[in-house]
Amino acid sequence: MRYLCRVLCAIFLLAGCGKQSNINDDAITFCSESNPTYFNPQLDTSSTTADASAHQLYDRLLEFNPTDGRIERGLASSWLVSNDGLTYTFQLQRDVAFHQTDYFTPTRTFNADDVIFSINRWRLASHPYHEVSGGIYPYFDSLGLDKTIKDVKRINGYRVEITLYTPDSAFLANLATDFSVILSQEYAQNLLEIGTPSKIDYYPIGTGPFKFSVYKQNQYIRYIRHPDYFLPTTGAEHLIFDITPKPSLRMAKLITGECDAIAFTSQSDLAVISERDDLTLLEKPGLNIGFWAFNTSKAPFDDPKVRRALVLAVDKTSLLEAVFLGQATRAKSLIPSASWAYQSDAPELGYNPVRARELLDEAGLPDSFTMDIWAMPVQRAYNPNAMKMAQLIKSYLNEIGITLNIISYDWNIFRENLTLGMHDSVLIGWNADNGDPDNFYRPLLTCDAIPSGTNRAMWCNKDFDALVQQALLTDNFEKRKQIYKQANELLFAQMPLMPIAHAYQYQALRSDITGMEINPFGGIGFDNVERMP
């Protein structure tokens with residue numbers, strides 16, 4: 001591996017890739033793995049979109065402290081919750097400036113109208129912006145938050161009241177996720193008047209620490225420091241996302257200094273980074289889950305016996321060893337050990353190919369049965385090499401008489417086709433957007449999460465949905481843990497997906513870069529990232 005890195009570095013240096021651009025003395029360059037779909041995370045749950053937009057361009061009413069997960073002030077300076085848990089009143093920050101760019105000059109600062117616009121856009125089908133850019137808001141749709149919120153009311157210019165139909169113990173946490181960004185109502189109205197409303201999602205205006213400058217697909221994104229940002233920051237004047245899909249090339253650019261930090265470091269490169277004085281490796285336990293989901297809307301995967309057989313046929317230990325190289329913990333259920341709702345004694349199926357074949361015979365599946373497995377074309381912490389994992393699973397299924405076809409596409413097409421339910425099964429996963437366990441159960445497996453595309457198993461079970469809803473009606477952690485235990489037992493019986501791993505999170509960067517943190521709850525932020533002299 002060291003030899004490969006030296007060769008790659010030499011190639012890049014000869015090509016001039018190691019040379020610094022004329023703004024790099026006051027710029028941070030991040031090697032990202034793919035193109036964002038939008039510059040509005042309301043519309044997309046992909047970490048690629050979140051990384052490029054959520055914490056660079058926007059703020060939220062509330063924020064998570066990345067160290068302890070506590071909910072903190074954001075664009076809301078304070079908030080009150082009624083005794084019945086149905087009314088939330090937010091006092092807003094004053095004198096918060098929106099971005100001024102070549103394509104928009106704001107005439108006012110942030111106020112209550114922006115909060116109401118931003119929430120009502122995804123909440124109300126009748127809203128003039130609801131159908132813009134497709135009318136799908138995956139995170140909010142998967143939680144059914146449009147059905148949870150009764151009203152969003154302007155009390156005055158700097159106070160907003162949100163009322164709910166029923167109590168939701170995860171509501172504040174959901175307002176602090178990457179997806180709950182606040183847009184500019186004034187900018188939206190301006191675009192609507194000139195007939196180009198969709199530009200709001202591609203030419204963004206927010207209140208965040210950086211403002212959008214230029215995007216060249218498959219090449220780079222440039223941002224400029226927001227000079228009037230309402231919070232104190234120490235970051236660089238310029239931020240560049242260098243779009244570099246291949247992990248080996250990202251690593252080479254990090255070593256040569258073309259990139260200051262990189263996305264999704266390969267497991268095989270971790271030791272190399274740790275041994276180099278010019279590089280730093282940050283590490284934190286991950287709030288994530290990698291899994292193999294079965295499309296339960298299609299036969300024969302609508303049969304729990306078949307799904308159970310597929311899980312029994314695969315040795316999970318070999319997947320962990322070969323793909324994660326010891327950088328992950330075994331998943332028994334959706335919830336990782338870092339969560340307060342983790343169940344250490346959750347039931348789990350072991351490797352038993354003989355029993356797997358018996359169940360397939362009982363379900364009437366012949367030895368010649370053929371199925372597809374979709375493998376992500378991108379690297380993720382929860383699955384650093386989906387193609388390799390698919391190949392291992394193929395060899396295991398072959399032993400019980402199943403032929404497995406491995407399918408992959410361009411990442412955006414891959415996700416679009418998944419939402420359409422074109423897959424038989426898929427290797428994918430989920431990074432938590434907040435520390436509440438509801439963030440795993442509701443988006444991944446409830447009925448409401450099917451149309452939004454986050455329920456990759458296309459599984460709808462009314463008993464499961466009732467348990468998830470019941471857990472939201474109480475703030476008592478012990479009561480909620482007992483409810484989630486029942487949910488785990490139901491998932492074990494039905495097996496809509498096979499939990500595989502909870503991966504550690506890593507961030508590789510140059511050693512002269514300071515201020516970077518691993519955020520276990522969402523996208524990466526650069527507001528206080530700078531280069532030491």
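As the structure is a computational prediction, the values presented were derived from the model and not from experiment.
- Taking the centre of each ring, F526 and F210 stay at or above the 6.0 Å mark.
- Once rounded to the nearest 0.5 Å, the distance linking CD1 of I393 with CD1 of I500 reads 5.5 Å.
- At distances below 3.5 Å, not a single donor-acceptor pair connects side-chain atoms of E489 with backbone N or O atoms of A346.
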Report task. Using the salt bridge (charged side-chain N to carboxylate O under 4.0 Å, His left out) rule, take R442 and D168 through it: C-alpha gap first, then chi angles, then the decisive distance, then the call. Result -> CA-CA 12 Å; R442 207 165 12 153; D168 184 341; 3.4 Å; yes
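- F179 does not carry R60 over the face of its six-membered ring by the limits of under 6.0 Å from the centre and within 45° of the normal.
- Using a distance-only test at 3.5 Å, with no hydrogens or angles considered, a donor-acceptor pair links the side chain of R510 to the main chain of L254.
- The shortest side-chain heavy-atom distance between F140 and D146 does not fall under the 4.5 Å cut-off.
- Residues S425 and F301 have side chains not in contact (no heavy-atom distance under 4.5 Å, counting atoms from C-beta outward).
- Taking the six-membered ring wherever Trp is involved, the centroid distance between the rings of F291 and Y382 does not fall below 6.0 Å.
- Partners of F464 under the ring pair (Phe, Tyr, Trp, His ring centres under 6.0 Å) rule, at least two apart in sequence or in another chain, are W459.
- Using a distance-only test at 3.5 Å, with no hydrogens or angles considered, no donor-acceptor pair links the side chain of D201 to the main chain of N40.
- Here the CG atom belonging to N174 is positioned 6.5 Å from the CG atom belonging to N439, to the nearest 0.5 angstrom.
- The closest donor-acceptor contact from the side chain of D242 to the backbone of C259 lies at 3.5 Å or more, if one exists at all.
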Query - R357/E399 under salt bridge (charged side-chain N to carboxylate O under 4.0 Å, His left out): CA gap, chis, key distance, verdict - result: CA-CA 9 Å; R357 187 60 251 177; E399 293 178 5; over 6 Å; no
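- The shortest distance between side-chain heavy atoms of D463 and Q494 does not fall below 4.5 Å.
- Atom-to-atom distance recorded for T37:OG1 and N412:CG is 4.0 Å, nearest 0.5 angstrom.
- For the 3.5 Å distance criterion, the side chains of T265 and R250 fail to qualify, holding no donor opposite an acceptor.
- Residues satisfying the salt bridge (Lys or Arg N to Asp or Glu O under 4.0 Å) test with K305, not counting sequence neighbours, are E362.
- Between the CZ atom in F241 and the OG1 atom in T48 there is a gap of 10.0 Å [rounded to 0.5 Å].
- The pair D269-R276 does not count as a salt bridge, with every side-chain nitrogen at least 4.0 angstrom from each carboxylate oxygen.
- Between I28 and the options I240, L509, I513, a side-chain contact (heavy atoms from CB on, under 4.5 Å) holds for only I513.
- Residues T29 and Y220 are not in side-chain contact: their nearest non-hydrogen atoms beyond the backbone lie 4.5 Å or more apart.
- A perpendicular orientation is assigned to the rings of F39 and Y223, their planes being inclined by more than 60° (bins at 30° and 60°).
- Checked for salt-bridge contact, D512 and R531 meet the test: a charged N lies under 4.0 Å from a carboxylate O.
- Remark: the backbone N or O of G144 is paired with a side-chain donor or acceptor of T148 at under 3.5 angstrom.
- With values rounded to the nearest 0.5 angstrom, L497 atom CG is found 6.0 Å from L334 atom CG.
- With T419 contributing its side chain and R415 its backbone, the two residues share a donor-acceptor pair below 3.5 Å.
- Side-chain contact between N417 and W374 is present, with heavy atoms from C-beta onward closer than 4.5 Å.
- A search for ring pair (Phe, Tyr, Trp, His ring centres under 6.0 Å) contacts involving Y396 returns Y351, not counting sequence neighbours.
- Using modelled atom types, one finds no donor on one side chain facing an acceptor on the other under 3.5 Å when comparing D178 with Y139.
- Considering CD1 of I71 and CG of L175, their distance stands at 8.5 Å, rounded to 0.5 Å.
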